[in-house]
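For ligands, and for the atoms within them, numbers begin at 1 and follow the listed sequence. Quick note: numbers below take in every heavy atom, side chains included, and nothing from hydrogens, waters or symmetry partners. All residue numbers in this chain count up from 1 along the given sequence.
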Amino acid sequence: MNVSMKNKKLNMWIKEVTELCQPDDIYICNGSKEEYALMIQKLLKSGIAIPLDKRPNSFLFRSDPSDVARVEDRTYISTSSKEEAGPTNNWMEPKELKNTMLNLYKGCMKGRTMYVIPFSMGPIGSPISKIGVEISDSPYVVVNMHIMTRVSDRVLELLGADGDFIPCLHSIGAPLAAGEKDSKWPCAPIDKKYISHFPEERLIWSYGSGYGGNALLGKKCLALRIASSVAKREGWMAEHMLILRLTNPEGKQYHIAAAFPSACGKTNLAMMQPSIAGWKCECIGDDIAWMKIGSDGRLYAINPENGFFGVAPGTSYSTNPMAMDTLKENVIFTNCALTDDGDVWWEGMDGDEPAHAIDWKGRDWTPESTEEAAHPNARFTAPASQCPVICKDWEKPEGVPIDIFIFGGRRSNVVPLVYEAYNWDHGVFLGATAASETTAANIGAVGNLRRDPFAMTPFCGYHMGDYFQHWLDMGDRLGDKAPRVFYVNWFRKSEDGKFLWPGFSDNSRILKWMCERIDGKVGAEETPIGLLPNEGDIDLNGINIPSDDMGELLRIDTDAWKAEIPDIENHFFKFGNRLPERLRKQLQEFKKRLG
Ligand code: GTP
Ligand code: SPV
Ligand code: MN
């Protein structure tokens, strides 16, 4: 047994889980390169990992076709009362949920090895970091956790005998009988999947899925759902936000945190390379921000993750070159297509489509095929340190001071390219009423408009009404040091269904306008929805956007906005008396401005 295995709580928990899940073996992870290689060897031997000739130390995995995304319908926030979980979360009484899951966990690791994965979210030993231990029966989870979190025996040393950690129990839910042949991606059927959170005891139980946010429990489960509930109590913030540093031609730095729903552009904006001369952008994080008020009264953000679990389709040298350069080696690909020369491929990659490939289901694919070669939620897992524009300060324990918050989503109509909130409360109103068309990042219908406040609907570990209040409280504490708040929509379409805005590197033009607003260099037009750019204030040098398109991108259709009001009212109604009075007032003022 590992010399550093002296933590009492951990040892007791391992014993309990072993008795319950009955694995054949136990393996304690240390996070080393050798361990990674060992796991990969095991996955190669069983034919689960496919080596990629074109990318050193990189492998393709194909999930079961039923296990391709998060499962929001099967995700639970199990607080003692239903009221505490609020109207946006699935809830079950903790005892009942635990009983159901204990029955499922009974003997669920038979025929498998149980991996104990000690990890840190945030740099190991930093005061803002949180320690978790994931127990999983999936070697795929082990290798992904190696990249996405800091897995290390140093974490165990740090824990010592009495240190505390967040227990994260995971099983794919597919025991193997003696002699039974394993499938390539074992998992449980949808009605047996449970992604459960017990925020009051800071505990995570996940069963039945091997995919992404369902199985890599440091990410959405710990760093968002559990962390958001801890953050509320302790007075900080855990948000579904990218973090970037923008530097203007004079060398002035701006730090931006932006919340867009899943598959709505965080990774792309986080690594964006400005198309405007003299501006520089560096990546700090692409999915999660933990933020605390510093001794100078400003809000400081860290990225608790260690890697990127990014959407593959659409990623190319023309859209996100820095991601492409991050993906050259040491990458895990999931549900991408495989080319005949041993590379991955997905829809939207540069160059011609391959004449032949193997699709994500393992079938022959040609450009004539009616289905996509890569699943729309195909993903890459890559170390953040490999990103050519990773900021040198990305692991700074104190984080970076946030100047700008951006909310946004995917709206083919109504919502303009950019606008600014009148003040903090109005900004919180914009976050609280944010809406977006659903994407393939969750199992379910794609393209349906839904309210997704702060892009946190699937990730808030407590009552969303209280979460709104928490944002108002943070603003009160930050006072005039609070970040300015903006709203963007890169996804407005023309009548013939084409994106009106070029997006990607040209989004720098919008960020530039925000910086100039902060510096008081440009004015803005007061409109019912917020402050819009004056004509000519968005730098369009070097691109050719027809002025009609620009007009449409910034057009406010008062009737269309009025038509949103009933939906916003229904949305707010759900929060009952936990909807902060200040947001009710914001809605009244909005209605008044619309006339
Ligand atoms: P999660 O990892 O699920 O949280 O997603 P994300 O918010 O990081 O989204 P990501 O940056 O991976 O983008 C998702 C999809 O949107 C990709 O296919 C991108 O190519 C596309 N996308 C991102 N930014 C833009 C943009 O500015 N314009 C357009 N048209 N598409 C974009
Ligand atoms: C998301 O869906 O927002 C993701 C991917 O970042 S997952 O880790 O699967 O949640
Ligand atoms: Mn995400």
Side-chain angles (χ1 to χ4, degrees), residues 63 67-72 75 141 144-145 148-149 195 206 209-225 239-242 244 258-272 275 283 285-289 305 307-324 334-335 346-349 372 374-382 406 408-412 417-418 436-444 446 452 455-459 488-493 497-511 553:
S63 81
D67 201 27
V68 293
R70 285 183 294 101
V71 284
E72 292 176 15
T75 300
V141 164
N144 275 276
M145 287 294 284
M148 292 307 298
T149 73
I195 319 298
S206 165
S209 167
Y211 198 88
N214 302 330
L216 313 176
L217 304 185
K219 193 174 177 62
K220 302 302 165 138
C221 300
L222 192 162
L224 285 178
R225 298 193 192 98
E239 301 296 332
H240 191 203
M241 287 180 168
L242 69 93
L244 66 82
F260 310 147
S262 302
C264 291
K266 288 183 300 302
T267 302
N268 277 269
L269 190 63
M271 299 176 193
M272 179 267 296
S275 58
C283 175
D286 82 324
D287 201 50
I288 300 177
E305 299 194 276
F308 308 123
F309 185 63
V311 177
T315 308
S316 70
Y317 275 99
S318 58
T319 58
N320 192 353
M322 294 304 111
M324 292 303 279
T334 306
N335 290 340
W346 49 73
E347 278 70 18
M349 211 190 237
E372 285 132 333
H375 187 275
N377 193 40
R379 298 254 167 184
F380 53 78
T381 318
I406 308 178
R410 196 179 272 272
R411 290 292 301 263
S412 49
L417 181 58
V418 61
S436 190
E437 289 145 21
T438 51
T439 67
N442 173 44
I443 301 267
V446 168
D452 187 353
M456 282 290 277
T457 303
F459 309 120
V488 302
N489 175 26
W490 314 139
F491 301 94
R492 196 158 176 169
K493 286 181 175 170
K498 292 205 185 78
F499 290 119
L500 287 161
W501 178 247
F504 306 106
S505 62
D506 289 317
N507 292 335
S508 58
R509 300 167 190 278
I510 307 306
L511 302 191
L553 279 162

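When atom types are taken as modelled, the side chain of His240 and the backbone of Ala455 share a donor-acceptor pair closer than 3.5 angstrom. Between the side chain of Arg225 and the backbone N or O of Pro458 there is at least one donor-acceptor pair closer than 3.5 Å. For Asn442 (side chain) and Glu72 (main-chain N/O), a donor-acceptor pair under 3.5 Å exists by modelled atom type.
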Between ligand 1 and the protein, give all atom pairs where both partners are nitrogen or oxygen and the distance is under 3.5 Å, as lines of names plus distance to 0.1 Å.
{"unit_1": "ligand 1", "atom_1": "2 (O)", "unit_2": "Arg379", "atom_2": "NH1", "d": "2.7"}
{"unit_1": "ligand 1", "atom_1": "3 (O)", "unit_2": "Ala263", "atom_2": "N", "d": "2.9"}
{"unit_1": "ligand 1", "atom_1": "3 (O)", "unit_2": "Arg379", "atom_2": "NH1", "d": "3.4"}
{"unit_1": "ligand 1", "atom_1": "3 (O)", "unit_2": "Arg379", "atom_2": "NH2", "d": "2.8"}
{"unit_1": "ligand 1", "atom_1": "4 (O)", "unit_2": "Lys266", "atom_2": "NZ", "d": "2.8"}
{"unit_1": "ligand 1", "atom_1": "4 (O)", "unit_2": "Asp287", "atom_2": "OD1", "d": "3.1"}
{"unit_1": "ligand 1", "atom_1": "5 (O)", "unit_2": "Ala263", "atom_2": "N", "d": "2.7"}
{"unit_1": "ligand 1", "atom_1": "7 (O)", "unit_2": "Cys264", "atom_2": "N", "d": "3.3"}
{"unit_1": "ligand 1", "atom_1": "7 (O)", "unit_2": "Gly265", "atom_2": "N", "d": "3.2"}
{"unit_1": "ligand 1", "atom_1": "7 (O)", "unit_2": "Lys266", "atom_2": "N", "d": "2.8"}
{"unit_1": "ligand 1", "atom_1": "7 (O)", "unit_2": "Lys266", "atom_2": "NZ", "d": "2.7"}
{"unit_1": "ligand 1", "atom_1": "8 (O)", "unit_2": "Lys266", "atom_2": "N", "d": "3.3"}
{"unit_1": "ligand 1", "atom_1": "8 (O)", "unit_2": "Thr267", "atom_2": "N", "d": "2.8"}
{"unit_1": "ligand 1", "atom_1": "8 (O)", "unit_2": "Thr267", "atom_2": "OG1", "d": "2.9"}
{"unit_1": "ligand 1", "atom_1": "9 (O)", "unit_2": "Cys264", "atom_2": "N", "d": "3.4"}
{"unit_1": "ligand 1", "atom_1": "9 (O)", "unit_2": "Gly265", "atom_2": "N", "d": "2.9"}
{"unit_1": "ligand 1", "atom_1": "11 (O)", "unit_2": "Lys266", "atom_2": "N", "d": "3.4"}
{"unit_1": "ligand 1", "atom_1": "11 (O)", "unit_2": "Thr267", "atom_2": "N", "d": "3.1"}
{"unit_1": "ligand 1", "atom_1": "11 (O)", "unit_2": "Asn268", "atom_2": "N", "d": "2.9"}
{"unit_1": "ligand 1", "atom_1": "11 (O)", "unit_2": "Asn268", "atom_2": "ND2", "d": "2.8"}
{"unit_1": "ligand 1", "atom_1": "13 (O)", "unit_2": "Gly265", "atom_2": "N", "d": "3.4"}
{"unit_1": "ligand 1", "atom_1": "13 (O)", "unit_2": "Asn268", "atom_2": "ND2", "d": "3.4"}
{"unit_1": "ligand 1", "atom_1": "16 (O)", "unit_2": "Arg410", "atom_2": "NH2", "d": "3.1"}
{"unit_1": "ligand 1", "atom_1": "18 (O)", "unit_2": "Pro313", "atom_2": "O", "d": "2.9"}
{"unit_1": "ligand 1", "atom_1": "27 (O)", "unit_2": "Phe504", "atom_2": "N", "d": "3.1"}
{"unit_1": "ligand 1", "atom_1": "27 (O)", "unit_2": "Asn507", "atom_2": "ND2", "d": "3.0"}

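Ring geometry, Phe309 versus Tyr211: the interplanar angle exceeds 60°, so the pair is classed perpendicular (tilted spans 30 to 60°).
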- Message: Please evaluate residues Ser436 and Asp452 with respect to the criterion side chain to side chain donor-acceptor pair (under 3.5 Å), reporting the C-alpha separation (whole Å), side-chain torsions for both, the decisive distance (0.1 Å), and the verdict.
- Response: CA-CA 7 Å; Ser436 190; Asp452 187 353; over 6 Å; no
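Checked by atom type, the side-chain pair Asn507/Trp501 shows a donor-acceptor distance below 3.5 Å. Side chain to side chain, Asn377 and Arg379 meet the donor-acceptor criterion of an N or O pair below 3.5 Å. Judged purely by distance below 3.5 Å, without hydrogens or angles, the side chains of Ser262 and Arg70 pair a donor atom with an acceptor atom. Side chains of Asp67 and Ser209: a donor on one and an acceptor on the other come within 3.5 Å. Side-chain N/O atoms of Ser412 and Glu437 include a donor and acceptor closer than 3.5 Å. Side chain to side chain, Thr315 and Asn320 fail the donor-acceptor criterion of an N or O pair below 3.5 Å.
Excluding waters, the set of protein N/O/S atoms under 2.8 Å from the Mn ion (ligand 3) reads Lys220 NZ, His240 NE2, Asp287 OD1.
Closer than 4.0 angstrom to ligand 2 sit non-hydrogen atoms from Arg70, Gly212, Gly213, Lys219, Lys220, His240, Ser262, Asp287, Phe309, Arg379, Ala441, Phe459.
Because its NZ or CZ atom is both nearer than 6.0 Å to the ring centre of Phe459 and within 45° of the ring axis, Lys220 counts as a cation-pi partner of that residue.
For Phe491, the ring-ring contact (aromatic ring centres under 6.0 Å, His included) partners are Phe499, not counting sequence neighbours.
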